[in-house]
Undergrad: 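My structure is below; once you've seen it, I'll send some questions.
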Amino acid sequence: MRCLLVLLQLLLAVVISDQHLNANGPFGKQHTVNDGPSPYACDRGSGVAAPFALRRLRSAQQMNVSKTLYVSSEPIQVSWIPVSQPCQDDFVGVFYTEVPDQNPCEYFDYEFVQRNQSSTTWYMTNLRRSLDFRYYSRQPKCTGNYTLIAKSPVIQPINYNEPTHIHIAYGDRIDQMYVSYLTNSLQYTPQCLYGLSPTSLNFCKNGTSITYKASDMCETKATIIGPQNFIDPGYMHTVLLEDLRPSTTYFYRVGTDEHGWSSVYSFTNRPATKEESVYIIAYGDMGLAPVEPGAKSTIERVVARVNSTNVTCLLHIGDISYARGIGALWDAFMTQIQPIAARVPYMTGIGNHEYDHETGGEKDPSHAPGQGGFRPIWGNYGRDSGGECAVPMVHRFHSPSNGNGLFWYSFNVGPVHVLMFSTEHDFRPKSTQYEWMENNLRSVNRSLTPWLIVGSHRQMYESKDDSTGENLVAKYLRLHVEPLLYKYHVDVNLFAHSHSYERTCPMYQNKCVSDGITHVLIGMAGQNLEYDKYKSVEWSKYHDLEYGYTTIYANQTYLHFTYYHDSNDQVADEFELHK
């Protein structure tokens, strides 16, 4: 019976992983899994082969583009003379210019051509290389290999070293802030100019630069070089600003005189004491906009809130980009969050789609023991990162260094102590992570930070029917971690992984109790919603399946938690806690 249960767990891990395979591209085109251009012409590697096709290549028409130079996120319209009867899998794709015309399926992204279609729009991501658009058809008779019908002029970024992916994060101390960005080169020392006025950036701080290679990652897709796998990620630059005043607004820009500067952004440093209130945004499981409708709507709503409200910081608790070994998707994701993350500290947690691997071993940046890290017999830990094993994450994002990098850490913000831990690592008593968590929780001075919020990726409680055994990890989180959280009087426990929203009563061990923990599932930020069966339980106070985000307002005696639907930005659920 036990062997059968283990087999079911392994099968479920594969199925669940496959549900989240990322078929979408980095230029705003939505696809479904296994719905790429014709397997006959692509997967067999036959490409364009027939002499007839070669003649067609020489007479390919020119596609028109609205511009040949662009900046990140800028749209480009591509047009062509329409084909009256396109084949079902005729497509327009975007390519590195050096990819031979005879290789139709070495694209970054694609769109199938519809009858009488003559144009389409692409939202550009600066991949630091020259690109072109191509139209491939399987005419005549829609049965052979692809023929190049049309091709665009070369398009390229206005500045290959445009500072992109700008984002900020808290450092170890109240007076510190990490400022990060990316360019194509490390020829010059990265810099951040900052000050108290947008026209007086009187201070300058130098930074450091890092990058990573395909060989740095753990396995499979992430270690293969190609447009739909690993691409050169550029150089990630980080500047640590220090001696910042609490609750003070700073203006900044990043770059160099030689390669150019970003626009001027601003952030407000966190408060130093409990006397000031904070306003936090939180969600998990976002993925890439605009190809994921939920991610697009969440980004739009959160950008509007950041622009209109003094947001203190943002918590993204796992399943960040869903790149899963497709390097260009990281470029697209980091571009999409820049309007938020350049202004608000973007504090991330580790999810299965950033970390889970089977054979990483010594390449695992978390230094977890064993070839595949934490893989208990009762777990459903698979290879959900596509082989990345968190390498892109730890190179791109920052956190305080009081734990194990991005994998577990904590920070104070006004009256709140936030602890982030990893459900992808051993959380059982006597494990390194567990002992760190207990030491951290024990050290919290509740007279200085009266509120204690914990965040991790996989759900501890959910009223979804778990008769399949999928939620065994939740069972062990309740067994090992919940008593620890209850012992130290954690107020709110945030988690995601399941793509929905659910709130419990203050509870402990499946029962509502006056001094319990309020658990909130916030996995509804963008990835496909999970329409599963749910059961009626006393402790579940609100549940729905809508895209949205949550906010937390807290002062020293009052915490107000709010869940907003993306569809109308109206309050769907809320609760209050008092000290």
Side-chain angles (χ1 to χ4, degrees), residues 166-181 190-192 194 203-210 236-250 252 254 265 267-276 278 280 282 311-318 320 341-350 365-367 390 393-422 425 432-456 488 554:
I166 302 169
H167 58 289
I168 61 176
Y170 291 137
D172 290 348
R173 304 193 311 261
I174 295 290
D175 70 334
Q176 293 179 328
M177 187 75 76
Y178 286 110
V179 179
S180 302
Y181 69 103
Q191 294 183 316
C192 177
Y194 63 104
F203 305 105
C204 177
K205 191 73 181 289
N206 292 341
T208 57
S209 306
I210 56 174
M236 287 125 269
H237 313 296
T238 299
V239 181
L240 179 60
L241 305 185
E242 299 183 282
D243 299 321
L244 302 176
R245 304 173 194 168
S247 303
T248 301
T249 299
Y250 288 87
Y252 75 96
V254 293
Y265 294 91
F267 65 84
T268 301
N269 194 26
R270 56 182 151 168
T273 67
K274 67 179 181 180
E275 279 70 34
E276 295 186 66
V278 295
I280 300 169
V311 177
T312 311
C313 65
L314 187 149
L315 310 178
H316 188 162
I317 54 172
I320 308 298
R343 295 189 57 188
V344 174
Y346 204 91
M347 309 306 294
T348 57
I350 292 293
S366 74
H367 307 294
M393 276 285 292
V394 301
H395 282 76
R396 294 175 185 276
F397 292 101
H398 292 275
S399 68
S401 62
N402 56 3
N404 182 11
L406 290 177
F407 301 99
W408 51 88
Y409 63 92
S410 71
F411 61 92
N412 291 334
V413 53
V416 179
H417 181 80
V418 177
L419 183 152
M420 302 281 271
F421 77 96
S422 170
H425 292 76
T432 302
Q433 179 174 214
Y434 184 96
E435 291 184 352
W436 175 86
M437 289 175 64
E438 177 147 41
N439 289 334
N440 188 275
L441 292 170
R442 185 190 299 118
S443 70
V444 176
N445 186 337
R446 301 301 283 270
S447 66
L448 298 178
T449 50
W451 299 106
L452 184 46
I453 296 175
V454 169
S456 61
Y488 291 101

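Quantities reported herein were computed from a predicted structural model and do not represent experimental measurements.
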Undergrad: Could you go through His417 and Asn440, starting from their C-alpha distance and side-chain angles, then the distance that decides it, and tell me whether this counts as side-chain hydrogen bond (donor to acceptor under 3.5 Å, both in side chains)?
TA: CA-CA 10 Å; His417 181 80; Asn440 188 275; 2.8 Å; yes

Undergrad: How long is the span from the OG1 atom in Thr312 to the CE atom in Met347, to the nearest 0.5 Å?
TA: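 Going from OG1 on Thr312 over to CE on Met347, the span is 12.5 Å.
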
Undergrad: Do the non-hydrogen side-chain atoms of Val254 and Val179 ever get within less than 4.5 Å of each other?
TA: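 A side-chain contact under 4.5 Å exists here.
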
Undergrad: For Tyr170, does the six-membered ring have the charged nitrogen or CZ of Arg270 within the cation-pi criterion, i.e. under 6.0 angstrom from the centroid and within 45° of the normal?
TA: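 Arg270 over Tyr170 ring: yes.
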
Undergrad: Is the side chain of Lys274 donor-acceptor paired with the backbone N or O of Pro450 at a distance under 3.5 Å, no angle test?
TA: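 No; zero donor-acceptor contacts below 3.5 Å.
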
Undergrad: Can you list the steps and then say if Thr449 with Val416 is a side-chain contact (heavy atoms from CB on, under 4.5 Å)?
TA: CA-CA 5 Å; Thr449 50; Val416 179; over 6 Å; no

Undergrad: Return the minimal non-hydrogen interatomic distance between Glu242 and Tyr194, and the atom names on each side.
TA: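 Looking at all heavy atoms of both residues, the shortest contact is O-OH, 4.2 Å.
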
Undergrad: Would you confirm whether Asp172, through its side chain, and Pro400, through its main-chain N or O, come within 3.5 Å as a donor-acceptor pair?
TA: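 Such a contact is absent between Asp172 side chain and Pro400 backbone.
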
Undergrad: Run Thr238 and Thr208 through side-chain hydrogen bond (donor to acceptor under 3.5 Å, both in side chains) and show every step you take.
TA: CA-CA 6 Å; Thr238 299; Thr208 57; 5.5 Å; no

Undergrad: May I ask you to test the Pro271-Val278 pair for a side-chain heavy-atom distance under 4.5 Å?
TA: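 Yes. Closest side-chain heavy atoms under 4.5 Å.
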
Undergrad: How are the rings of Trp408 and Trp436 set relative to one another: parallel (under 30°), tilted (30 to 60°) or perpendicular (over 60°)?
TA: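 Tilted: the ring planes of Trp408 and Trp436 meet at 30° to 60°.
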
Undergrad: Would you say the side-chain atoms of Asn206 pair up with the backbone N or O of Val239, donor to acceptor, closer than 3.5 Å?
TA: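 Answer holds: no.
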
Undergrad: Start with the C-alpha distance between Leu315 and Tyr346, add both sets of side-chain angles, then the distance that settles side-chain contact (heavy atoms from CB on, under 4.5 Å), and finish with yes or no.
TA: CA-CA 6 Å; Leu315 310 178; Tyr346 204 91; over 6 Å; no

Undergrad: Begin with the C-alpha distance, continue with both residues' side-chain angles, and end with the deciding distance and a verdict on ring pair (Phe, Tyr, Trp, His ring centres under 6.0 Å) for His167 and Phe397.
TA: CA-CA 8 Å; His167 58 289; Phe397 292 101; 5.3 Å; yes

Undergrad: With a 6.0 Å cut-off (strictly less than), is the heavy-atom count around CZ of Arg245, excluding the residue itself, greater than 12?
TA: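 Not more than 12 within 6.0 Å, no.
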
Undergrad: Quick check for you: to the nearest 0.5 Å, what is the distance between Leu244 atom CG and Thr249 atom OG1?
TA: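 Spacing of CG (Leu244) from OG1 (Thr249) equals 11.5 Å.
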
Undergrad: Indicate yes or no for a side-chain donor-acceptor contact from Gln176 to the backbone of Arg173 under 3.5 Å, with no hydrogens or angles considered.
TA: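 It does hold such a pair.
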
Undergrad: Give me the atom names and distance for the closest heavy-atom approach of Ile350 to Ala390.
TA: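 Scanning both residues completely, I find the closest heavy atoms to be CD1-CB, 4.3 Å.
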
Undergrad: Are Val344 and Ile168 side-chain neighbours, meaning at least one heavy-atom pair lies under 4.5 Å?
TA: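 In short, these two side chains do not touch, never coming nearer than 4.5 Å.
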
Undergrad: About how many Å separate NE2 of His398 and OG of Ser180, when rounded to the nearest 0.5 Å?
TA: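 Separation between the atoms: 3.5 Å.
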
Undergrad: Does the side-chain hydrogen bond (donor to acceptor under 3.5 Å, both in side chains) test come out yes or no for Ser422 and Gln433, once each step is laid out?
TA: CA-CA 8 Å; Ser422 170; Gln433 179 174 214; 4.8 Å; no

Undergrad: With ring pair (Phe, Tyr, Trp, His ring centres under 6.0 Å) as the criterion, how do His237 and Tyr181 come out once you've worked through the C-alpha distance, each side chain's angles and the decisive distance to 0.1 Å?
TA: CA-CA 5 Å; His237 313 296; Tyr181 69 103; 4.9 Å; yes

Undergrad: Does Leu240 offer a backbone N or O that forms a donor-acceptor pair with the side chain of Lys205 under 3.5 Å?
TA: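 Indeed, once roles are kept as given, a pair shorter than 3.5 Å links the two residues.
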
Undergrad: Start with the C-alpha distance between Phe267 and Leu241, add both sets of side-chain angles, then the distance that settles side-chain contact (heavy atoms from CB on, under 4.5 Å), and finish with yes or no.
TA: CA-CA 12 Å; Phe267 65 84; Leu241 305 185; 4.1 Å; yes

Undergrad: Roughly how far, to the nearest 0.5 Å, is OH of Tyr250 from CZ of Phe203?
TA: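 Rounded to the nearest 0.5 Å, the CZ-OH separation comes out at 7.5 Å.
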
Undergrad: Identify the heavy atoms of Thr348 and Tyr409 that sit nearest to each other, and give their distance.
TA: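 Smallest heavy-atom distance, with atoms named: O-OH, 2.7 Å.
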
Undergrad: With side chains defined as the heavy atoms from C-beta onward, is the minimum distance between Pro345 and Met177 less than 4.5 Å?
TA: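 Pro345 vs Met177: side chains touch.
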
Undergrad: Quick one: does Arg446's side chain get under 4.5 Å of Trp451's, heavy atoms only?
TA: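 No; the side chains remain at least 4.5 Å from each other.
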
Undergrad: List the steps and the verdict of side-chain contact (heavy atoms from CB on, under 4.5 Å) for Thr248 and Thr268.
TA: CA-CA 5 Å; Thr248 301; Thr268 301; over 6 Å; no

Undergrad: Could you walk me through whether Ser410 and Asn402 pass side-chain hydrogen bond (donor to acceptor under 3.5 Å, both in side chains), step by step?
TA: CA-CA 7 Å; Ser410 71; Asn402 56 3; 3.0 Å; yes

Undergrad: Just how far is it from atom CE of Met393 to atom OG of Ser399, taken to the nearest 0.5 Å?
TA: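 Between Met393 CE and Ser399 OG, I get 9.0 Å after rounding to 0.5 Å.
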
